[in-house]
Amino acid sequence: MAEKKAGPERGGWDSWFEFLFSSLGSMVGLGNIWRFPYVCYSSGGGAFLIPFFVSMVVCGCPLIFLETAYCQYSNLGPGKVWVICPLFKGIGFGMMTVSFVVSIYYTVIMAWTLYYLVLSFQSTLPWSQCSDGLRSLDCSNMVGGNSSLFSAANESNALADVSTPATTITSDIFRNLSSSAVRDSHALLNSSDFYKTNEEAYWFQNVLNISPGLSELGPIQWRILACLLVAWILVFLCLIRGIKSMGKIVYVVATVPYLLLICLLIRGCLLPGAGDGLYFYMVPAWDKLLDFQVWRNAASQVFFSVGMGFGLISTLASYNRFHNNCYRDAMILPVLDCGTSVFAGLIVFSFLGYMADITGKSVGQVAQEGPGLVFVAYPSVLSTLPLPQLWSVLFFSMLFFVGLDSQGGFYILNLIDWYIASFSVMLIVFIEVMVLAWIYGTDRLYNDISAMIGHRPNGIFHYAWKYFTPAFVIVLWLAGLFNFTSIGQKNRGYPAWADILGMLIGFLPIIPIPIKIAWTLWNSKGTFKQRLIHSTRPALKWRPAENKDEICAQNEFNGLEEETALNKNP
């Protein structure tokens with residue numbers, strides 16, 4: 001009899017460094033450089049860091065270790081690995097749904113970045129100068145504005161060195177005006193209609209052409225749509241060969257950004273007012289620690305940053321060699337991810353301190369909270385650097401590549417971010433850790449890990465997986481439900497029905513879990529108790545990746561015996 005031909009090998013990483021840089025690239029990306037600063041800013045600066053560190057220790061480290069271990073053990077990704085407990089296969093589908101939704105709006109951010117990158121090749125950075133119709137307090141050529149102030153600003157700009165950014169010159173003019181002139185200008189202008197800086201005005205007016213609210217989405221931004229198409233094409237090309245192409249690309253995109261970030265931090269710290277921004281960032285307002293929303297923001301940021309509940313780390317770990325030291329990886333990756341977030345925060349808040357200095361505002365008032373913060377803070381300082389076009393090209397290239405490595409409109413993007421982070425991710429992570437720790441069992445997990453790394457990990461993870469991590473997550477999730485804050489309460493432009501839409505989006509990844517539970521029990525054989533017991537035991541496909549082929553035949557034989565027994569005793 002001819003031997004049965006084996007199927008194609010799934011493949012794996014060529015080296016441990018490919019896995020490390022791929023994991024680092026998937027974790028260190030837009031979540032650190034784009035999302036962390038604006039969540040930290042909206043949560044009180046330094047007050048956010050303490051719950052962020054606590055969340056990383058209590059949730060981040062244990063969950064990275066857990067997701068790395070059980071997927072490496074089986075060489076199965078999130079779509080298939082839940083043969084470990086067939087009743088909860090919906091968790092894998094929920095993770096893929098979260099990843100799909102987040103990928104959609106992360107690609108929108110990449111499109112914005114690409115747009116800024118293209119504009120950076122112009123002889124003058126467009127967001128650094130006053131232009132007709134730009135409604136910023138740096139310029140006065142606004143609807144209903146004071147034209148004399150604008151003329152004075154333009155005259156001084158013409159006399160100044162052309163290498164000096166217009167934003168800085170105009171800000172100096174405003175700072176040097178007599179207090180009476182400032183009062184007169186503010187009397188003529190309704191300050192709520194204007195943005196604080198040119199960069200902020202350029203972001204909302206020229207890039208987004210933002211509408212009054214979600215109920216009035218406005219026309220399609222064809223320039224952004226073209227950038228979005230290019231971003232999706234580049235994502236496709238990078239992933240067309242799976243990990244074979246991805247594993248080589250990450251060597252560049254996961255390391256080069258650090259060099260540029262170091263340069264930006266040095267420049268930021270040398271700017272006037274940087275100390276005020278760093279003080280706001282590093283010194284906590286202790287009363288903020290009593291706010292549950294700050295803790296929930298910190299936990300959701302950890303989930304976004306390390307990819308918990310997204311299936312990212314588990315997918316990458318499923319390509320590891322069986323004896324890879326996942327215990328070591330689970331200690332290294334959270335430190336690198338957390339350090340990068342804090343490092344990116346230093347840069348943004350030094351820039352915000354500079355913006356506060358030139359506008360005469362406090363750091364907490366200098367910019368609008370929200371996803372667009374980075375597109376205001378970074379351009380404001382890039383404009384002040386020597387050869388600003390070069391720095392802008394380098395920065396937005398870096399931001400694009402970290403977004404690429406992590407893989408609607410502004411109102412929709414903010415809506416998705418608000419509800420996905422608050423509801424879906426936390427609940428999926430809670431169910432995941434409860435199933436693995438209580439149904440599959442921590443003793444089995446420890447045995448599986450010992451088979452891979454040759455020794456049992458520290459016993460603290462036993463208690464973390466069973467008690468600390470799920471308790472921490474569910475308390476914050478329930479607190480969020482009982483202290484629900486409508487997105488419209490903290491963000492302008494959202495009608496009442498936006499919350500209903502947001503909840504539908506937020507709970508979309510949860511839907512596969514109960515559906516799959518019902519489907520599994522319906523299609524099982526035997527009494528309800530037998531179906532329940534059978535569906536919570538590991539399926540035949542759950543086996544160590546090291547010796548799949550050796551035990552496959554024996555498992556199939558055992559499966560036939562088990563099915564026969566069920567048929568005899570329904």
Side-chain angles (χ1 to χ4, degrees), residues 16 19-20 23-24 26-27 51-76 78 81-82 84-85 88 91-92 95 298-299 301-303 305-318 320-339 425-477 536 538 542 544-546:
W16 173 73
F19 167 71
L20 177 68
S23 300
L24 184 62
S26 68
M27 295 164 62
F52 177 72
F53 290 139
V54 172
S55 299
M56 184 62 77
V57 172
V58 177
C59 291
C61 293
L63 289 172
I64 289 175
F65 189 19
L66 182 66
E67 289 200 355
T68 303
Y70 76 93
C71 287
Q72 177 179 304
Y73 179 81
S74 60
N75 272 173
L76 297 174
V81 75
W82 285 97
I84 191 173
C85 186
F88 289 93
I91 295 176
M95 287 181 172
Q301 173 58 31
V302 168
F303 295 150
S305 183
V306 302
M308 294 299 98
F310 290 37
L312 297 177
I313 295 297
S314 53
T315 298
L316 298 175
S318 68
N320 275 339
R321 294 185 175 92
F322 182 77
H323 291 292
N324 174 65
N325 192 342
C326 55
Y327 188 35
R328 169 201 59 199
D329 300 341
M331 301 299 105
I332 294 175
L333 290 173
V335 173
L336 294 176
D337 179 75
C338 189
V425 177
M426 285 190 183
L427 189 57
I428 287 176
V429 167
F430 172 75
I431 299 173
E432 175 191 26
V433 71
M434 289 295 290
V435 170
L436 292 172
W438 288 93
I439 298 180
Y440 185 71
T442 53
D443 290 335
R444 284 181 175 178
L445 288 170
Y446 268 64
N447 291 335
D448 295 344
I449 294 168
S450 299
M452 292 188 290
I453 66 175
H455 63 89
R456 295 177 70 83
N458 192 294
I460 190 64
F461 289 100
H462 169 85
Y463 298 100
W465 292 334
K466 293 195 75 170
Y467 306 108
F468 303 148
T469 302
F472 185 80
V473 173
I474 198 62
V475 166
L476 291 178
W477 189 78
T536 53
W542 174 255
E546 184 184 38

Heavy atoms only: give me the nearest [X]-[Y] pair and the separation to one decimal.
X: G311; Y: P78; value: O-CG, 3.9 Å
X: A464; Y: P470; value: O-CD, 3.4 Å
X: V473; Y: M426; value: CG1-O, 3.3 Å
X: D337; Y: M56; value: OD2-CE, 3.5 Å
X: P544; Y: F322; value: CB-CE1, 3.7 Å
X: C338; Y: F52; value: SG-CE2, 3.5 Å

Distance-only donor-acceptor hits, side chain of residues 59-70, under 3.5 Å, sequence neighbours excluded:
from : atom 1 : to   : atom 2 : distance (Å)
T68  : OG1    : I64  : O      : 2.6
Y70  : OH     : E432 : OE2    : 3.0

* Asked: Within the distance-only criterion (no hydrogens, no angle test), does the side chain of T469 pair as donor or acceptor with the backbone N or O of W465 below 3.5 angstrom?
  -> no
* Asked: Does M452 offer a backbone N or O that forms a donor-acceptor pair with the side chain of H323 under 3.5 Å?
  ->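 At least one qualifying donor-acceptor pair exists.
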For the [atom1] atom of [X] and the [atom2] atom of [Y], what is their distance to the nearest 0.5 Å?
X: N447; Y: T442; atom1: CG; atom2: OG1; answer: 9.5 Å
X: H455; Y: I449; atom1: NE2; atom2: CD1; answer: 10.0 Å
X: R328; Y: L20; atom1: CZ; atom2: CG; answer: 8.5 Å
X: L436; Y: R444; atom1: CG; atom2: CZ; answer: 11.5 Å
X: N458; Y: R456; atom1: CG; atom2: CZ; answer: 11.5 Å

* Going by atom types alone, do D329 and W16 pair a side-chain donor with an acceptor below 3.5 Å? ->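 Per modelled atom types, D329 and W16 side chains form a pair under 3.5 Å.
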* Asked: Quick one: does K466's side chain get under 4.5 Å of V433's, heavy atoms only?
  -> no
* **Note, L445 side chain near F461 side chain (heavy atom, < 4.5 Å)** => no
* Parallel under 30°, tilted from 30 to 60°, perpendicular over 60°: which one fits the rings of W542 and Y73? ->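 Tilted, since the angle between the ring planes falls between 30° and 60°.
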* Which residues share a side-chain contact (heavy atoms from CB on, under 4.5 Å) with T536, sequence neighbours left out ->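 C85, L87, I439.
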* Can I453 and C326 be said to form a side chain to side chain contact (heavy atoms under 4.5 Å, CB included), step by step? -> CA-CA 7 Å; I453 66 175; C326 55; 4.2 Å; yes
* **For Y463, ring pair (Phe, Tyr, Trp, His ring centres under 6.0 Å) partners two or more places apart** => none
* Under the side chain to side chain contact (heavy atoms under 4.5 Å, CB included) criterion, do F310 and I428 qualify, and how do the steps go? -> CA-CA 9 Å; F310 290 37; I428 287 176; over 6 Å; no
* Q72 and its side chain to side chain contact (heavy atoms under 4.5 Å, CB included) partner, picked from N325, N324, L316 ->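 Only one option passes, and that is N324.
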